Amino acid sequence: MAAVQLFKRKVKYEGSDKKEKVATNFYIKCGEEGELIAVDIHYFPNAACEGRDPGFLGRKAVMENYATTLPEKEE
């Protein structure tokens with residue numbers, strides 16, 4: 001049975017307001033030699049909540065809690 005690992009990487013970017021922001025990217029890897037596969041924490045707008053997704057931050061927090069920080073690439 002192949003192991004599945006969850007990783008995260010913090011990246012900086014410039015938002016539409018021209019301010020620097022930090023995003024967290026998530027990846028899974030299946031097996032020891034597996035390729036990293038990007039995972040998106042999807043935002044589900046809810047009409048009953050004025051278009052907001054009240055569960056988004058909770059889903060993201062769970063992923064961050066269980067993910068291991070991805071080592072930097074060696075050059």
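Positions are given from 1, in the same order as the sequence printed here. Scope of the values below: all heavy atoms of this structure, side chains included, with no hydrogens, waters or symmetry mates. Every value quoted in this text rests on a predicted model; they were computed, and no experiment measured them.
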*asked:* For a 4.5 angstrom cut-off between non-hydrogen side-chain atoms, does Leu57 reach Arg59?
replied: no
*Is there side-chain contact between Asn25 and Leu70, with heavy atoms separated by less than 4.5 Å?*
no
_Partner residues of Glu64 under the side chain to side chain donor-acceptor pair (under 3.5 Å) criterion, sequence neighbours left out_ =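 Here the qualifying residues are Lys10, Thr24.
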Could you tell me the separation between the [atom1] atom of [X] and the [atom2] atom of [Y], rounded to the nearest 0.5 Å?
X	Y	atom1	atom2	answer
Ile28	Leu36	CD1	CG	9.5 Å
Ile37	Phe26	CD1	CZ	16.0 Å
Lys21	Glu14	NZ	CD	10.0 Å

*What about Tyr27 and Val4, same hydrophobic cluster or not, with Ile/Leu/Val/Met/Phe/Trp/Tyr joined at side-chain heavy-atom distances under 4.5 Å?*
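No; Val4 is not reachable from Tyr27 via cluster members.
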*Output, in order, the C-alpha distance, side-chain angles, deciding distance and verdict of side-chain contact (heavy atoms from CB on, under 4.5 Å) for Met63 and Ile41.*
CA-CA 9 Å; Met63 293 288 283; Ile41 311 303; 3.4 Å; yes
*Can you check side-chain contact (heavy atoms from CB on, under 4.5 Å) on Lys8 and Tyr66, steps first, answer last?*
CA-CA 9 Å; Lys8 64 183 173 185; Tyr66 285 98; over 6 Å; no
_Can you list everything that forms a ring pair (Phe, Tyr, Trp, His ring centres under 6.0 Å) with Phe56? Sequence neighbours excluded, please._
Tyr43
*asked:* Show, in sequence, the C-alpha distance, side-chain angles and deciding distance for Phe7 and Lys29, and conclude whether the side-chain contact (heavy atoms from CB on, under 4.5 Å) test is met.
replied: CA-CA 8 Å; Phe7 293 101; Lys29 182 170 115 176; 4.0 Å; yes
*Is it true that atom CD of Glu33 has more than 12 heavy atoms of other residues, nucleotides or ligands lying nearer than 6.0 Å?*
no
*Ignoring hydrogens and angles, tell me if any N or O in the side chain of Arg52 forms a donor-acceptor pair with the backbone of Ala47 under 3.5 Å.*
no
